[in-house]
Amino acid sequence: MISGIDAVFNVCAGCTTTYFKAISASWSRITVAKELLQDLYLKVSERRETVDADMKKRKSSLNCTHARKQSLVNKTMVKKTLLFLLVTFSLIFFHEKLYDLFDQYIVANFLEGLRGDWLYWPVCALTITAIIQLIAMLRDRSKVNDVAFFGCILFLCCYLYQRISGDHYSFYRSTFAPAVAYLDSLLIPAAGLGFLGFRERLRVHGKPIMKNSPFTVDAPILRSDADVFDRDRYARLMAEKIQSNPIEEFSGSLAIGVLGKWGSGKTSFLNLVKEKIDGEGRILIDFNPWGSSSPSMIIENFFEVLTKELSEYDRSLSRDMSRYASTLTEMDDNWISKSIKSGSDFFMGSSTVGVDYDEINRALVKVDKQIIVFIDDLDRLDSREIMEVLRIIRNTGNFKNVVYVVAYDRNYVVTSLKELNSHQSQHYLEKIFQFEFKLPDAAVLELRRNIRNGLKAALTNTSLHDAIDAAIDYTGESGECITDKVILTQREVVRLINSMLFELDGQIEEVNLTDFYLLQLLKLRYSKVYDDISLNRQIFFFEEDQRLRLRAVDEIGKQKNSLASQVWKLMGDAKPKTGPEEKKISVLEHYLTSLGTDFADENGKRTIKEIVYALLVDKELRTDSTSMDYKSFINYVNFEKYFMSYGRENKLSFAAFEAARKGSPSEYLEAVLKWAEDPDLSAELERRLSTLVDFTSKEEWEKHLMVTVALERKKMVTRGAFGANYSAVIDLLKYPKSFDNVHLFVSDAAYFAYINDFFIQAESPYIYEAHLLMAILVRNEDLGLSETQICDQLFDYFKKYCNSHDRITMEFRNLHTAIVEKDKHHYGQFPVQERAEVLFKEYFRKYITACELGGFIKRYFDPEKKYYMFDIEWIAKVFGSKDELIAYAVTAENIDHATECYREFSEFSNKVAASAHPAIEYSFNHLKKEE
């Protein structure tokens with residue numbers, strides 16, 4: 001019996017033999033196919049060369065590993081395309097022979113032996129499995145690879161052709177559906193995969209919809225016209241030196257260092273130098289060692305780049321370079337690769353490093369090209385990787401006609417070299433570089449200008465531009481601009497702009513821009529301090545009158561919960577001394593001392609304190625304004641808004657407040673009264689209104705006066721006459737005459753007329769306006785109203801009230817007490833006007849009712865018994881004496897003598913008259929409520 005392996009071998013051999021016989025018999029068809037394939041191959045090759053050329057142009061931004069991967073992908077795509085075309089052409093031109101092969105080896109050996117009754121359950125299982133798999137792929141949006149997609153398309157074309165119009169084969173029919181063949185079940189997975197493949201390949205990948213608030217990109221400049229720091233002249237001078245012949249012949253390379261801190265513009269400077277170099281007769285190479293994964297890979301990648309650039313000038317030099325690099329990296333190989341290399345060297349011969357180095361030097365002289373290698377990001381490597389790059393520059397890559405221009409942060413590189421060799425590490429770089437150029441520091445005014453331009457370009461609302469200027473130019477207590485102390489490089493400019501714009505989004509109307517900017521400076525340079533302050537408000541600050549100030553060490557624990565343990569934990573248990581002077585210092589100062597000099601030097605700590613001190617200063621609401629901005633950091637309720645924490649949901653939105661303030665008077669008043677009813681908002685509302693003390697127009701001033709009076713009137717209703725803040729309204733009324741630069745009225749006469757009308761047009765019950773006039777009289781405020789005018793207006797209020805009312809109420813009594821005048825005989829005394837007293841008695845007598853007679857009876861103090869007596873003092877004020885009151889009650893027409901109240905009053909009066917004591921025991925049921 002022939003084994004399974006032999007059978008498969010025979011089948012393959014038969015297929016191969018028959019296939020080549022078919023090719024020999026159809027040579028003309030093969031020739032046509034060959035020409036078509038060659039033509040297609042040429043087109044694909046041209047496309048590949050175009051792609052390779054494009055990749056070569058971008059070589060400065062692609063590292064070696066990425067380039068190799070991209071080239072491999074291109075080659076793979078070409079092979080797949082040729083394979084698909086070969087199969088397609090074979091099916092078209094050789095289908096007859098392929099039928100014969102399929103019949104001979106597949107149909108005859110496998111398919112003919114199948115029986116229809118065997119196929120039912122396998123076909124059902126295949127169909128269900130295919131459907132489930134296709135649904136899963138559709139749900140997961142799985143991609144169909146090229147081989148599967150092309151195979152499905154070929155299968156569908158061939159099968160459908162035979163099934164519909166072909167007569168070469170017959171198919172087993174299903175018992176339940178005779179029109180359907182069992183093999184039709186294969187159409188489900190094939191058609192499904194084909195559909196998914198078509199959908200993926202035909203889907204239009206539209207461009208992304210871009211928004212209008214991008215981040216600022218920290219990208220190096222490419223041309224000198226973008227140089228804003230005046231470094232172009234230094235780049236021109238360096239390029240001139242590089243392109244000059246050396247004064248003396250020397251055997252090695254030239255190494256130049258470009259020094260600067262991170263973000264200082266080293267990459268931009270290298271680009272400026274490249275721009276100034278004449279490329280004729282020179283090879284410019286960009287090598288970024290940061291893309292290498294290990295020190296040995298740095299060597300390999302460097303010489304790979306160098307080899308690729310030199311290959312078009314000298315093939316042998318390219319081979320020597322590759323061999324030289326291979327020799328250098330042998331020390332990092334494992335024992336297996338070293339063994340193989342040793343065996344190869346034994347049979348093929350080997351070379352030494354010295355021999356290869358000399359051959360490369362001689363070849364470079366013959367090439368007669370100046371090679372300029374730009375190395376960036378040296379200060380991003382670890383210590384061993386830095387050492388490997390320096391070894392290339394001064395040792396393994398120290399070739400003739402080579403110039404190295406290397407950018408790095410010298411402090412970082414020296415510190416890294418100390419880890420490997422602490423001996424004279426400060427002078428180590430002097431052995432490597434013949435010249436080190438320190439980039440000039442960016443001008444502070446230029447950095448400020450860049451911040452200004454970046455923020456204004458993004459914040460297009462021109463009303464914010466003055467605030468942006470004020471924030472950037474803000475000067476601390478030292479007299480120096482705080483921005484200049486924190487922002488030192490263009491990279492920091494970019495990071496500050498991005499941070500500002502991101503965190504300001506949705507908050508720009510909720511914060512003071514200067515305070516927010518200062519905190520962003522603190523966050524950028526001293527992020528630990530920023531984080532600790534944001535998380536520990538009660539540790540660093542003390543809340544006093546709804547404002548923040550720095551907490552002193554001796555104030556720790558003065559609030560509800562002791563903060564001592566939190567403070568010492570934050571500072572690493574570095575408790576301060578207990579002397580009186582030490583107790584007076586702020587927690588912030590002690591905190592900064594506990595951080596040590598590793599975190600910040602003394603200048604840095606002074607800058608931190610200067611920023612925090614600046615935050616605890618009131619900021620102006622507008623430029624050149626005397627109004628304090630209620631959004632300032634110093635107001636404790638605003639603290640969370642400055643740290644990406646938007647506070648409680650019921651906080652009064654600054655945006656909503658400003659929108660109402662700038663709206664119509666009725667809208668402003670309606671919003672203010674609504675907020676005043678909310679106990680969580682009322683205090684914040686009052687504080688904000690109190691900070692508005694200057695105005696740009698008469699309309700703005702009038703609206704503010706209107707809402708302030710409405711709030712104070714509301715407070716009087718709920719808290720009484722002494723619960724209102726009359727000073728706030730008086731200061732507002734005086735505002736137009738308080739400043740020489742304020743001109744809300746055309747003349748003093750117009751202003752005085754307005755004040756007079758303000759009080760004349762007051763609405764009943766006149767209580768607030770009366771108390772306000774009383775406060776003006778007491779404080780002797782100059783509002784253009786004489787003492788006589790004030791007294792007359794007060795009495796006019798009382799007279800109008802009495803004429804329009806007919807009941808004795810608390811409003812009546814409160815208004816009566818405000819109708820005062822200056823006592824001419826006793827300084828500082830303001831009794832009720834005599835004419836008001838007369839009117840008071842007349843009104844009282846006219847409208848008092850029987851039940852209101854109980855107001856003249858008071859309880860005699862006795863906790864055990866209910867003793868009552870007449871209130872002689874109050875009776876004397878209205879009626880003169882008790883007898884006059886009783887006589888009035890008997891004869892007055894406004895007293896209803898048929899009521900129970902009068903009956904009790906009369907009975908009580910008689911009992912008091914019959915008693916020898918002024919207080920008697922009596923139980924009231926109507927005239928007075930039991931107390």
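This one's a predicted model, so the numbers in the text were calculated from it and none came from an experiment. For this chain, numbers begin at 1 and follow the sequence in order.
A salt bridge links Lys911 with Glu907: the distance from a Lys NZ or Arg NE/NH1/NH2 to an Asp or Glu carboxylate oxygen falls below 4.0 Å. The pair Glu544-Arg547 does not count as a salt bridge, with every side-chain nitrogen at least 4.0 angstrom from each carboxylate oxygen. Salt bridge present: Glu702 and Lys698 bring a charged side-chain N and a carboxylate O closer than 4.0 Å. Comment: Glu670 does not engage Lys674 in a salt bridge, judged by the lack of any side-chain N to carboxylate O separation of less than 4.0 angstrom. A salt bridge does not link Asp792 with Lys799: every distance from a Lys NZ or Arg NE/NH1/NH2 to an Asp or Glu carboxylate oxygen is 4.0 Å or more.
For the atom pair OG (Ser915) and CD (Glu921), the distance works out to 11.5 Å, reported to the nearest 0.5 Å.
No side-chain donor from either of Ser881 and Asp883 sits under 3.5 Å from a side-chain acceptor of the other.
By the disulfide (SG to SG under 2.5 Å) test, Cys901 is found to be paired with Cys851, residues two or more places apart in sequence or in another chain being considered. Under the side-chain hydrogen bond (donor to acceptor under 3.5 Å, both in side chains) criterion, Asn894 pairs with Tyr888, not counting sequence neighbours.
The aromatic rings of Phe844 and Phe840 are tilted relative to each other, their planes meeting at an angle between 30° and 60°. By the 30° and 60° cut-offs, the orientation of the rings of Tyr843 relative to Tyr847 is tilted.
Using modelled atom types, one side-chain atom of Thr809 and one backbone atom of Phe812 make a donor-acceptor pair closer than 3.5 Å. Without hydrogens or angle criteria, Glu712 side chain to Val729 main chain gives no donor-acceptor distance under 3.5 Å. Listed for the His926 side chain is no donor-acceptor partner under 3.5 Å among the backbone atoms of Tyr902.
Only one option out of Leu783, Val820, Ile776 pairs with Ile790 in a side-chain contact (heavy atoms from CB on, under 4.5 Å); it is Ile776.
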